[in-house]
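Please read through the structure below; I'll follow up with questions.
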Amino acid sequence: MKAWQHPSFVVGAALSLIFAIVAMLSLVWTPYPITEIDIGRRFLGPSEAHWLGTDHLGRDMVSLIMRGTLTSFFVAAIAVLIGAGIGVPLGLVAAGFRGRAEWAVLRVSDFIFAFPALIVAILITTLFGPGAVNAIIAIGIFNIPVFARVTRGGALAIRPMAFVSAARLAGLDNWQIALRHLLPNIAGLVIVQATIQLSLGILAEAGLSYVGLGTQPPDTSLGLMLRDAQALFILHPFLSLVPGIAIVILVIALNLAGDGMRDLLDPRLRSQDTRNGVA
Amino acid sequence: MRSIATLLVSATLLLTGVTAVFAQADDITIAVALEPPALDPTAGAAEAIDIVTYQNIFEGLTRIDRDGSVQPGLASDWTISDDGLSYVFSLREDVVFHDGSTFDADDVAFTFERILADDSTNAQKSLYEVIEAVEVEDPQTVRFTLAQPSGRFLFDIGRGDAVIVASESAENNATLPIGTGPYAFVQWDRGSRVILERFDSYWGDRPPLARATIQFIGDTATLINALLAGEVDGTNNMAAEALEVFANNPEFQVLVGTTEGEVVLATNNRIEPFSDLKVRQAMAHAIDRDALIEGVTYGYSAPIGSHFAPHHPFYVDLTQTYPYDLERARTLLAEAGYEDGFSATLKLPPVGYARQSGQILASQFAEIGITLELINVEWAQWLEDVLTNHDYDLSIVAHVEPFDIGIYADPDYYFGYDNADFRELIETLNTTTDDAERRTLAEEAQRILAEDAVNGYLFELAQTGVWRAGLEGMWQDSPIEGLVLRDLRWSE
Amino acid sequence: MPGIAIRRIAGFVATLLVAALVVFVLLDLLPGDPARFILGINASAEAVASLRTQMGFDAPAWQRFGDWLWGMLQGDFGISYTQGAPVAELIAERIWVTLPLAGVAMVISVAVGLPLGIAAARRRGRPADTALMVLAQIGIAIPNFWFGLLLALVFAVMLGWLPTGGFIPWQEDPVSAARSLVLPGLALALPQAAILARVMRTALVEVSGQDFIRTAEAKGMTRGEALWRHGVRNALLPVITILGLQFAFLISGVIIVENVFYLPGLGRLVLAAILERDLVLVRGITMVLIVAVTATMLLTDLLYTLVDPRVRTGGRP
């Protein structure tokens, strides 16, 4: 199947891309600087000067959403890199060597799973103070066992295949098999999982920011915008709806892209739904 | 069709009728933001303890009234010797504790011995160290001897930290508080609420409400919902940004009053560049108080120009000492050698006014080239870094003790303000009992602080109560930490 | 079979021991003096020192760790610094909010998610399927605290059907206690139900292509009957796995949702305890939560081995 024949993938990927571009754009340009506070112009409705109005500090909502998306993306993406960077090798070792190595990997991942992610975040926060970095670490730690399991599962499914046995007969050792044959063949699976963890990371960042443990002002994230607007919900529901809906659309877009990619890469993997949230 | 409409109307009437019946009930549910860690006001600093217990469960020899004045409490009367060193209190006779034991002079002696003991964990012990001896003259008479005269002694013994406890029950007050107040403790569902009930053997006037529930709701949005849904009858402090929800709603009344909380931009005077008076003056000139107050408190707070509460009779308006003037601020910075400004950190405790003020001040200071890095910290860390270790540049916090200008006389306090003249002035003030003299001294003290721009003086926290219409007797102002239930009642 | 079970249980105990060590070390490193926190901004250094001694901070770390472990085995979790009450007692009070809440959320998510998943699978490719899967996507994407607030606004403030929050103890009024858990339970359950619906649908679609379903259909069953009789049972395996995992996520969700609905549960207790540096209490609650999560995972593992003998080595797929 061609990518453009899969409509939900096209929609998801296109939306994700738009969000990503808008977020990246905020690095070099936003309509207004997000640190520019002007109490005199707060709670403005949508207008030509401010397409989405202004918030409780008179900041431009479009600028905030752009920057907030960037932070949310950034936190989730780095957390995915941490999770994949540590989890994938662990999974490969488990699948490639089996035996004690596998046992150890599974116990470590059980162990990480056992710590409620929010408690990890709280502990990290109290150690190092609140901030986006701690959200990244907490979500990243949580991602490790997810990637370890997905990698191991995928690799185990490939192991019995003929080409792996052939490689073994050709005299390759476990390391070489893991790197040359297992890893390339599960790369698609890992990328799919990364998309899903990215969307989960964005939700988790929102949850952490909501309890005050995530992104800190003057920077902003979609979650922090929700927190700021929480008490104003009845008076200015718009301030809450804008970031809220942004999160929902972004997460759906990433999930559609991930699901679509999975279908396109390997229809057999459809049943591997390991989507779940930290918060 | 018409009959259905009539039916609906009568159903609505029935429902409102039912509500009205409830409104005349003799109980109340009040929401407060923070849950106390324990219920003994003499062994912990948390304001939340006083909110629940002060003048409700526990009472002191004197009590602070809604206007901040000192009134007789468990002591019906007192005489002060001419040298101001000896106080003789006559105690009320028909007072019993909630467990039925009687109150007498021994309880007073026990209470103050406990406060002053070596292993005391009273947070305000230093206030009472002026006491040299407490002697029981007879069961209804106690004599206090002071080391030096004190202009604030009668106020201090009326605080929550000095409420009278009984030797039999003091140990358990943290979880089972036994006092002499108009309301007795019933139960504490941790994480949820404290229930108090009218104490029938109370010595004073019988309070109108039979039962009070204090519900702990930390989240503002949740609190708004609970009020709108009728689950709670009021709160002593609603976040300023949400007051508008209730201001125009006939079912509610909004009471805006004063507190003793001066919000200051605490400045570490020990270190560069803040040790330079010109830098501090420049910062003072760069603060746009009006915008700040509008932004943080939606205009509900009064500006301050020194460390003093605007509603206090000794207050002087010093807000124009260094008026908002960016040109002047830039010039002063340049004179101090910081033409290009400088960078500093701003450590913010986890309270809304501090976090929001921080954001706004950072944007105001950016105008004169001062870059502030905002660092949000939790209370435990704030106490350690800022208060104990003085490891900070700037911070924003409210100092909520009444009449606490004396904290600037301690060079080891976290401001690091070391001014011998000011110390001497405060010492004189503390030992002066004449009101006119005290006024002159207090005014002078305010002026020195304002001119030295020791801290950035921002605004006085407002008390912003939201109450269900028909409730009467709430304290509009908050001259002391507490939520006094004694006078609350539902109107007809 | 018994070999696997024993290995799993050994792993469980080992996990708990390591977790206890990690929790203890992490908390010992935390900055902030609990004594200073209790006494506040104006207390003298003397009073703080005096309280520190009373709280027993002077013993060496290994000894305190040993005491703590030994105490826990006997059900003694120590005394909370800030509340002056036994930690075991505080946890016991709160766990009757948190566990039922997690339970309500699980039940709602199963009761809503599975039928929807089955319904979608039966109408595979038709508009109803698409609509349900779109709903599921939205359900997964809404932050649960935000959803909770919207729920409270609609069902408590506007309609007045359920309380906005708070909790009356079970022994006082079981009905209103249960009512208090409905909205937070819904908020927690939504994403989980959406996930379950998707898993169920995918699993059913998968088995529907397999021989035994075709055989059943050939024997004259309708597609729905065939799916119900044969498909659902087979599809339950991945569902059990997901359910076990979801419990761990629910525990994190509970902490946030308890804040939105001001429920007196373990989540709010642990959050407050950390902010107040009540280390004894934090340790105790963290361990209880870890035991709950680990035990659930152990149970699903064992259940899985029982249900599916093909699983021999390793953990979940």
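In this text the structure is predicted, and so the values were computed from the model without any measurement. Every chain is numbered from 1, with letters handed out A, B, ... down the list of sequences. Just the heavy atoms: all of them, side chains too, but no hydrogens, waters or symmetry mates, feed the values below.
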| remark: Under 4.5 Å to a heavy atom of chain A? For C:V254 that would be neither
| Which of the residues C:N259, C:V270, C:V282, C:I138 is involved in the greatest number of heavy-atom pairs with chain A at under 4.5 angstrom? | C:I138
| So do the side chains of A:V211 and C:F145 get within less than 4.5 Å of each other, counting heavy atoms only? |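 No, side chains not in contact.
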| field | Any C:T294 side-chain heavy atom under 4.5 Å of A:F111 side chain | value | no
| Atom CG of A:L208 and atom CD1 of C:I256: how far apart are they, to the nearest 0.5 Å? | 6.5 Å
| Under a 4.5 Å heavy-atom cut-off, does chain A meet the side chain of C:L153, its backbone, both or neither? |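 The side chain, not the backbone.
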| Taking C:V291, C:V293, C:I290 one by one, which has the highest count of heavy-atom pairs under 4.5 Å against chain A? |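 Max contact count across the listed options: C:I290.
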| task | Could you tell me whether the side chain of A:V251 reaches within less than 4.5 Å of the side chain of C:I142, counting heavy atoms only? | result |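 Not touching, per the 4.5 Å side-chain cut-off.
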| query | Is any side-chain heavy atom of C:W146 less than 4.5 Å from a side-chain heavy atom of A:L241? | reply |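 A side-chain contact under 4.5 Å exists here.
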| query | Is the closest side-chain heavy-atom distance between C:R198 and A:D259 below 4.5 Å? | reply |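 Result yes, sub-4.5 Å side-chain heavy-atom pair found.
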| task | Measure C:L16 against the heavy atoms of chain A and call it side chain, backbone, both or neither at under 4.5 Å. | result |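 Contact with chain A involves no heavy atom of C:L16 at all.
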| note | When rounded to the nearest 0.5 Å, the distance separating CG of A:N255 from CD of C:Q137 is 5.0 Å
| task | Tell me, for C:L149 versus chain A, whether the close heavy atoms (under 4.5 Å) come from the side chain, the backbone, both or neither. | result | side chain
| Which value, rounded to the nearest 0.5 Å, describes the distance between C:M133 atom CE and A:S8 atom OG? | 12.5 Å
| message | For A:L226 versus C:P143, what's the shortest heavy-atom pair and its separation? | response |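 Heavy atoms only, the tightest pair is CD1-CG, 4.3 Å.
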| query | Hey, which of C:L289, C:T286, C:V18 has the most heavy atom pairs under 4.5 Å with chain A? | reply | C:V18
| Can you say whether A:S109 sits under 4.5 Å from chain C via the side chain, the backbone, both, or neither, judging by heavy atoms? |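 Neither part, no heavy atoms under 4.5 Å.
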| message | If I compare all heavy atoms of A:I252 with all of C:A141, which pair ends up nearest, and what's the gap? | response | CG1-CB, 3.6 Å
| request: Measure A:I234 against the heavy atoms of chain C and call it side chain, backbone, both or neither at under 4.5 Å. | output: side chain
